[in-house]
Structure formats: C-alpha cells, structure tokens
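Take a look at the structure set out below.
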Amino acid sequence: MVALAGGFLSLLSPVSSAVQFAHAETNDALAARASDPCAGIGNQTWSSPADVRACFTSFPVDAEEKARIIEVVNKTLAFHTSVNYEKLAPAPFTLDVHEDLLADLARISSQKYASDFDLHIDLSRTLKRLNDGHCVYINYCYDSLFSSYLPTPLVLLTDKFGVQAVYIAPEAFTVASAEFGDEIKTWQNALPASLKGQLSSLSGAQVLAINGLDPWLAVDANAKISGSFQGLATRENGFFSSYNAGASGWTYSLGQFAQQSLPLTDSVKLTIQRVNSTKIETVTLPYRSRFGTTGLKFANSAEFRQNNCKAVSSTNGINYYDGSTTKRSTLPINPANKFRQAPMPSPSEERKHFLNVMLDLQPQTDVALPPGLTPSDPLPGSSSVVQFHLLSDKKTGVLALGSFSGDTFENLLENLLTGLQNLKKQGATQLIVDVSNNGGGYICVAHWLHRIIVGPKDTSDPQAGLDTETRAGPLAQLIAKAAVSGKDPNGLLLYNSISWSFANNTYMPAGYDWLAEPVKKTINGRQDAFSQRLGQECQPFEFDPPAEALFDPKNVAVLGNGRCASSCSLFSITMAKEEGAKTVVYGGRNSVSQQYCGTVGGQSTDYSTIDSEIVTTGLKDHPLAPPDFTTNSVQGITWRLAFGVDKPNEPEEWQNHPADVNLHLTADIVNKPLAIWEQVAKQVL
Ligand SMILES: *[C@@H]1O[C@H](CO)[C@@H](O)[C@H](O)[C@H]1NC(C)=O
Ligand SMILES: *[C@@H]1O[C@H](CO)[C@@H](O)[C@H](O)[C@H]1NC(C)=O
Ligand SMILES: *[C@@H]1O[C@H](CO)[C@@H](O)[C@H](O)[C@H]1NC(C)=O
Ligand SMILES: *[C@@H]1O[C@H](CO)[C@@H](O)[C@H](O)[C@H]1NC(C)=O
C-alpha cells in the first residue's frame, strides 16, 4: 500500500500534525463526524485541511472505477500529440520532461492504494510530471473542491546588490483581509502571543526559513509536483504571487505557496524578520480549506460522492447530430472549463473558433488585485482582458492582455486594433505587451495581434502563427475518414478536412481524407504517426488588418512572469523569434534561465471533445475508443502541435525560449503593473 503522498512541504519534513487550532465546532458536528468523516465539511465555508483529508481518504479504491479511469486516460492519450516526445524531451528540457506515461499507467494499474484519494494523487502527479499544461488529469471530486489557503502570499525580491530573498508580499494583509473576511481571525489567533492580532505586521517580512529550511527548498519541492510548464524557472515562479488582467478586472494570484488545490498540508512554520525589526521570529500558520464555489454541497459521505464525484452530463461526448444537440446553442459547456487558465466562451463560440489554452488544478483566480496596485484610467480599446495605457513618457504604450479569450472573438479583434491605433495616434512609438499569467485562448486572436503589430510580411501573411501537425493513430484515421464521408454534413468535427489547410496555406477540399497517408516518425525509439503538415486557418480574418505595421517589433517588449502558455506562447514566440521583439520576465530567480513562455501546443482539447468526435462518427464501439468516464473526470490533451521557428521540422514545444531580460523586483514595484511597466520602459526599451 502506498501511504498518502503529502503536499510539497512534506517533501521537506513530515506533515506536522501536532499543531492544534482552536475553531469553534458544535458538539453536534463533532458527533456527526465521528460516524461519518464527510459530515459537516460539505456545508460550511471553512474547514481544516485535516478534516477535508479525513473525508477524502475514507473511500477505498473501487477496482472497476479505477480500471475505467486508466482505460479512458490511456486511450485518450493516443490523441495527445506529445506522449512519445515526453518520454524524453530534447535539450534544454531533458532534465525537466522525462515521463514514460504508458509505463506509469501500467504501474498504477497494478499498484494498491490506501484510498481512492491516494490513487488520485498518484495519477494526477504522473500526468503533472509531463510539465505540460495541456495534458492534465482532473477529478472534480478532489481537485480544488476545497482550496487550502494561507494569508501570506510570497514574493521574490532583489536588493540593490543583486541579492535575492523571499518575502511575504507587501500587500499580503490587504489581499487576505479583503478576500478571506472573518476567517482572518483564525490566523490572527494562531500567531504567537507577542504577535497575536498583528497579522498585518507580517506583510513585507523577509522569510528566512520555511519549516526550518532554506525557502528555496520549498520552492523547488513545489516545482517538482506543480507541473504546467517545462521550464524549471517558470514552475518556480508559480510559487510566488502575481497579477493578471482578468475579464472582470485585475486579479491577484496568491501563488502555489498560499493556495493549494488539495488539502495535503496542515500548517507551515515561517522564520521571519519583519519590516524595521531586528528580531528573528517564528510563526506557525495553519492552512485553511475553503469550499470552492463550483462544488455541490453535501451533508455526508454518500452525498459527497453522489454530488461531486460521479460523471455529469458533459463529462463524456455527445453525438452532435442527435436531436436537440444539433443546435449549437444547446451544446454542453466543456467540462474542462473550470480549470482552463483563460475565461471561456460559450460552447457555440468555442466550436467556431479554435482554442489553445492551458489547464491547471486550480481554477482561474478571482481574487481582486488591491485598488492601490491596479492601473487606473485605461484608454480606448480597453475592455475585459484587453487593457491599454500610455506611460508618462508619452512614448511607451502598454497593452495588458490577460488572455486570448474572455470576450467574443470579434470584440477581441476590434479592441486590440482600436487600442493599438489609439496608442499610436497619441504618440506611442514603443509598446509593452504584458502577458502575465496569460494561459491562452483563441488561436486566431494571437495571430491577429502578431499580424496587426508587424504589418503584412512573409511571417504574418497568410501564416501569422506556426504550422502544426495532429497525431494520426488508427482510430484518428477512422474518425477523419468518417468525418469526410458524410458523418459530418454541418462541418462540426475537428477531423473534418474543411477546417484545415495544406502546408502551402490553401484550404483542403471538402471530402478529402487528410489523414489517409500519415507521416511516420520514430520518437524516442517508438513508432508514431502524424498528419501531413498543416498551414494556417485564420486568414482572411473577420476584419481587414491595417496595411502597415503599427509598431516596429524591435521596439516591442513582451513582458510577464513566464507563465504565458498556449496561444500566448504562439504570439510571444512568433514576436520574439521571427520579429526580434524583446522578451522580459520579471521576478525570476537569478541562477535559473528564465523562459518567457512554455506549454506551446498548437491547439488543445480534452477527452470529452474527442469522445464527441468518436460518438458522432459512430466509432464508440471500436476497441481503441475510450469507454465513458463514470467519475467526474477531465483529461486534457494537445491535439495539434506547432512546428518550430529555429528548427522548423521539430516541435516548438521543447525548443528554448530564454527571456532577454530578468527584471528584478523590489518591494516598491512588486505586483504593481504600472511601476513594473515604467521600469521596463527605462531599462529595456
Ligand atoms: C494503454 O494502451 C496501450 C495501447 O496503446 C496498451 O498497450 C497498454 O496496455 C495500455 N495500458 C494500460 C495500463 O491499460
Ligand atoms: C519602516 O521604517 C521606515 C523609516 O522609518 C518607515 O518609513 C516605514 O513606514 C516603516 N515601515 C513599517 C512597516 O513600519
Ligand atoms: C447546512 O447547514 C444549515 C444551517 O446550519 C442547515 O440548516 C442544513 O440542514 C445543513 N444542510 C446539510 C446538507 O447539512
Ligand atoms: C497546395 O498543396 C496541395 C497539396 O499538396 C496541392 O494539391 C495544391 O495544388 C497546392 N496549391 C497551391 C496553390 O500550390
């Protein structure tokens, strides 16, 4: 039996279970829990991670359900472009990506687990080891059903001598007290006697040790299990707090130290030196688990499983031509949406315009960036995730772009153009594009932005993105064949040729069996097969782009915390590698090469979408078709993989994306977009 795998802090030291925190609990609740470990927690906002864990670990593995999950995941992976590449990625990611998924799924199949939750952790972390934010396994039963929080998000700051150290974010208390309300009291009371009630005085403190050890050990223990990005630097950056231009205002990401998707850690001991103090102090703060807004309440174990852990109507695919579902308006919402790292359009929009977007085990943050840190008075063109500003030097325009979705496709195209043209009219000659925590979105919006900035040239017209390939396994070939021979009259399927173009950028004809002659490759010693090279499918755009460049790309800086993925990577890579734009990561560790983006993909999708392709083409009974999930699960995949710029016949995914500049943060500018932009204008442009 495998013991419960702990959170990243347990990789440093055993989970500290001794710490007890007073929280008022009625005798009734205690009595109920004695007979049912899930009683109580499903009907209250806050719980201790230990109580949530007691519920989660109380279910044994159901052998049939386990076999089902593994079979669905395994058969879905046949549609993920990167399985064989990820067995051992080329340099510079050889040390970062070396996961043999097929071998590990076989191991998990035969392994015994103490509970269903332990099985989930192993499966989830196995997929996470790909460090590929497109290929993630999620179970709504556990992942972020409760999120576990600390009121002390961390930042990495650099002093004037270049020395870096970890600090509690200067805005920590402001953010936490606005977001956590009354629960702040629990943390106030957990402080040692000398600090009781003075949580606010911890803001800005230097963190000398986490659980008695160098903070970097905690950062890197987390980077080992956090997944999402190939580059170590980018996974390290995810530990710290940061910001994003969200669809309904600027948001604050607490970072993976202060927000965790599973209730694995009870508390953390911080050795700190507060601002203006010479004393070294130790505080032990409990994680507190908050019931997520999209979970369904439950009174007991049976309701927990029934409400949150069973497949729902959108978990598995549908036949697009079955009665009511032929209408686009009645398509189900994609089950991956909660965990996609960009706001998602309606299902009908989603089918009209292809997406490339990263998944994570935490939903996108809705914590507000405090007013004092939020840029004010956005310029024309600003709406939703698109925000324009002009710096006081009057020559640096800023486009803060929180995602490549989050508004309708047409609004995004229009607002991006309006805003950039306005900046130019106001005298901007250089541009900062801030893509902090931009997890992707519409592929063609990324290409539009590239095209309108640089004007028409051989790198932007007609192909402003990167050519791609999809995997062409035996079942994919059968789906494509069926899709072009009458099973998809309305052109709804991914595998229909009418959506795609040849490598020469002319569209494929209807009825063309485009996967009939796959391109065979040997990858890491395994036979694999892909489609012919695909060209662009975005142009002509819905609107006419301007005939001239809006900015000289050499005067453009693409800025962020490195956590720019999917469509954001397609944009950043083409701007940097094809056009010579500068790339800037802020707040990165000096000793590790900073990547300006990662998790490139080409087009992402998930099991439910592939299952709809299978069901619609009548292939569900094929032996290679995944059966239905019976659990509330999601499996993400990369469906098309982009070819590279420097090595054009190899995937861009594992090619290097080193940032030109690692901009140091200080307490004055950290998490203050405007102050960071001013530094970029001064130091980089
Ligand atoms: C996964 O699928 C492959 C075929 O693609 C098969 O050989 C293997 O046994 C399957 N693994 C598991 C654990 O079911
Ligand atoms: C620390 O000391 C400086 C200089 O006296 C003062 O301006 C600042 O407000 C102090 N900060 C805190 C948090 O006490
Ligand atoms: C949830 O709590 C409320 C208020 O304490 C109570 O009335 C209700 O019965 C509880 N529901 C469940 C499902 O436990
Ligand atoms: C583009 O490529 C396809 C497939 O090779 C070919 O049939 C077609 O004639 C080409 N079109 C042009 C304009 O070259």
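When a ligand or atom number is given, it counts from 1 through the structure's own listing order.
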Starting from [atom], which protein heavy atom do you reach first, and at what distance in Å?
| atom | value |
| --- | --- |
| atom 13 (C) of ligand 1 | S109 OG, 3.6 Å |
| atom 5 (O) of ligand 4 | F502 CD2, 4.6 Å |
| atom 6 (C) of ligand 2 | N276 ND2, 4.0 Å |

* **Proximal atoms of ligand 4 relative to T506 (non-hydrogen, under 4.0 Å)** => 1 (C), 11 (N), 13 (C)

* Ligand-side contact atoms (ligand 4) for residue partner N504, heavy atom cut-off under 4.0 Å -> 1 (C), 2 (O), 3 (C), 8 (C), 10 (C), 11 (N), 12 (C), 14 (O)

* Could you list the atoms of ligand 1 found under 4.0 angstrom from a heavy atom of A106? => 13 (C)

* **Minimum non-hydrogen distance to atom 1 (C) of ligand 1, winning option of L101, N74, I108, I70** => N74

* Indicate whether atom 11 (N) of ligand 4 is within a distance of less than 4.0 angstrom of some protein heavy atom. => yes

* Asked: Would atom 3 (C) of ligand 1 count as contacted, meaning some protein heavy atom under 4.0 Å?
  -> yes

* Does Q603 use its side chain to pair, donor to acceptor, with the backbone of N356 at less than 3.5 Å? -> no

Salt-bridge contact [X]-[Y] (side-chain N to carboxylate O under 4.0 Å):
| X | Y | answer |
| --- | --- | --- |
| K521 | E469 | yes |
| E71 | K75 | yes |
| D628 | K620 | yes |

* Point-to-point distance, once rounded to the nearest 0.5 Å, from CD of Q188 to NZ of K196 -> 10.5 Å

* Taking the non-hydrogen atoms of A78, is any one of them nearer than 4.0 angstrom to ligand 1? -> no

* Kindly assign one of parallel, tilted or perpendicular to the pair F79 and Y495, based on the angle between their ring planes and the thresholds 30° and 60°. => perpendicular

* To do: Measure from the ring center of F56 to the ring center of Y142 and say whether it is less than 6.0 Å.
  => yes

